[in-house]
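Read the numbers this way: they start at 1 and go in the same order the structure lists the ligands and their atoms.
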Amino acid sequence: MVQAGSVICSNIKEGAIIDVQEIPSGDRPALLILHNEGEDEIVSIFADVLGQKWAPAASVQEAKTGPPSTIYGMSNALPVLQLDGLDKSRLLINTHRVDGGYELNEAVTDRCDYEYLYTRSTFFRRDVSRFLSFILGQIGPHRDLTKKVRTTLISTTFPDVHAALPNLDILSVGADAIEIRVDLLEEPLSDGTVSQIPSLKYVGEQLMVLRQRTELPIIYTTRCTKENGRFPMGDPGLFYKYLARAIQWGCEYIDVELWLPEEIRRKLAENKGCSKIISAFHDFSGNFKWTAPETQTMFERGAVYGDIVKMYVLVSSMQENYELEYFRSTIQAKYPHPPFSGLNMGPMGQLSRTMNKIFTPITHPLLPLIAAPGQLSAAEINAALHTMGQVCKQDIYGIGSFRSTSQALFFEKCFNELSLPHSFKFAERTPKASVEHIFRRANFGGAYINPPLSASASASLPSLSNAARAIGQVDTVLVRPEANSASLIGDNTRWKGIRATLTRDFVPSAYSGRAALLLASSEADASASIFALKNLGIGPIYTIGFKSQGPLSTDVQPVRSVEDVKRLEQPFVIISALPAEKSLLVVPLLRHYRVDGRHGISDGHGHMAARPAGKVFVDLASGPRRADPLALATAAGWTAYGIADVSAWTTVETIRRLVGQNVCYDFVRLASGRGLF
Ligand SMILES: O=C1C[C@@](O)(C(=O)O)C[C@@H](O)[C@@H]1O
């Protein structure tokens, strides 16, 4: 398994090590999944997403004694007490189909580690993949966000999240997380009124709907009446009940107010699993003082259980912004962890909303109401930062062999939507011409390069990321400000686009130790794919059309004959990096290794199907071709992705790296049309 930050290759020049990435363990998780009577298909889907076998279990005892890597499924209409017999050897997940007419038995939920709510009328497999990847610790959204210089959250204020869905992709441009204000949800009652507090059932379904439509981490907030919310404060146990459920539902963040009794905050912290806690404090009295000694104590109290400490207070003078900035710098010098999110609310405090760097709440003109006085949109914050000299105008380049108008339009759309001062410029590149003079241009703010530069030929880049070095290609040039100048870093984002595509419908551990088959005309065309596969801990990689000799060649073997194909281990994934005119060459292989049965690996009774199944096919070719390998692959049972998926994920990553902004995959697909690819 390669790590983006740990590839050492002696034959390429030395450079700064950047982009360290934690890699999940390849262990196959042991799970027992409860399902509604007759809905065991969900268990087969979970198993498929995990790349594991599954089997029905007649009793908890049977699941306990079965092979750990087999996923067991059991009806949740069982006597609840049976569940008490389960030890911690398996993670217990209750699944509940919301549109199936089943009653949710909360006594069952209470005994489970996690709960997954879903609909069958519209089913989102990527949501299963995200849920499992998160609760199993195979993705780390918080870890990723702590590497960003600035993070924001969009705080939605909808009484019913369905109203947000049509505009969600636009609303969330520039947001790193999305907050669901549970206290603002209004559950309609049969008498035509709305409930004071939405029921857990309603909240769970709202959360499910939101999560089905966004890839952003979710912040689950039950704001109390004293802090500008609607959750009544008389019964702290109510907060515990709702927040503990959010952990079970796999929310990435829960907002835990500091006034809650220590006992409750401790219990939530002890049981938080992979969720992170935002310790929250709001003061609307107008009497709060950043300079008071108690303010530091309050931070320290929040830091005990908080992964982020948030302190927001209503102010009425400019002076209080200066006091907050002084507090911010002293507290973070003393305690670099946990990160501090500090804001002044009200119009006078708006300056602090531009200065804060951790999860600054943003609003959007399309939201029904702002969540707090003085809230600004991402565009307003960026414009203010530019005015204050914090975000300088830069030229971001697309360097390529053909001018793609839609690419330029797309970048400009993002810059406009976010009020970023940058311009997008296209620079034509002839095959042998050097591009280095572009890097020296005034205002050069970074570039993507397509086709990529060879890493060994990028002499003007003082450092290369480990990914760029190992892959041997630079497709992104980043500018990092230093004391008196700026330094350039050559990076590779393509492999991240490939990795993100591979993990959309399968968790990372599904790839661990499995075989892959890779077709390409040259090693250079295949190296980003090899890096992505190795980063996922794939087993042997078989190649057709080239022999790997570079730094990534360990465990990469060429297939030389039809006999070899017959002998090969069944590939879990096939990637074709062949050009469009050759892309049909993969079709016989897709047929040969076709997927047996809808969900592959198991027949649903724990037995291996006649042959283990191939799962994922990625075709990296772009341009016209005689027939579509994706359609043929899908017909043969593969989960198939094309260049449009990989390019959109690569663009998400490119924008994140070049301008530090988060733009979701769905927005890229929506706003770029077909032209990007
Ligand atoms: O805590 C906060 C911050 C906030 O109150 C604001 O001031 O922007 C908005 C709320 O939605 C969020 O929960």
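- The aromatic ring centroids of Y118 and F131 lie 6.0 Å or more from each other.
- Counted by atom type alone, T156 and E179 present zero donor-acceptor pairs between their side chains at under 3.5 Å.
- For ligand 1 and R353, the ligand atoms under 4.0 Å from any heavy atom of the residue are 6 (C), 7 (O), 8 (O).
- Contact atoms of ligand 1 toward S155: 11 (O) (distance under 4.0 Å to a heavy atom of the residue).
- Applying the 4.0 Å criterion to heavy atoms of Y312 picks out, from ligand 1, the atoms 3 (C), 7 (O).
- The distance from ligand 1 to the heavy atoms of A371 drops below 4.0 Å at these ligand atoms: 9 (C), 11 (O).
- For atom 9 (C) of ligand 1, the closest heavy atom belonging to the protein is Q375 NE2, 3.5 Å.
- Taking every heavy atom of M345 and a limit of under 4.0 angstrom, the matching atoms of ligand 1 come to 7 (O).
- In the vicinity of P361, heavy-atom distances shorter than 4.0 Å reach the ligand 1 atoms 3 (C), 6 (C), 8 (O).
- Taking the six-membered ring for Trp and the full ring otherwise, the centers of Y253 and F359 sit less than 6.0 Å from each other.
- Taking only non-hydrogen atoms, the option from E257, K310, R181 nearest to atom 2 (C) of ligand 1 is K310.
- For an aromatic pair to be called close, the ring centres must be under 6.0 Å apart, and Y114 with W249 fails this.
- Ring pair F299/Y335: centre-to-centre distance below 6.0 Å.
- Protein heavy atom nearest atom 4 (C) of ligand 1, with residue, atom name and distance: A372 CB, 3.6 Å.
- Looking at D99 and S121, their side chains do bring a donor and an acceptor atom within 3.5 Å of each other.
- When E227, E179, R223 are ranked by how near their heavy atoms come to atom 11 (O) of ligand 1, first place goes to E179.
- Contacts classified as salt bridge (Lys or Arg N to Asp or Glu O under 4.0 Å) and involving residues 343-372 (residues at least two apart or in different chains) are not found.
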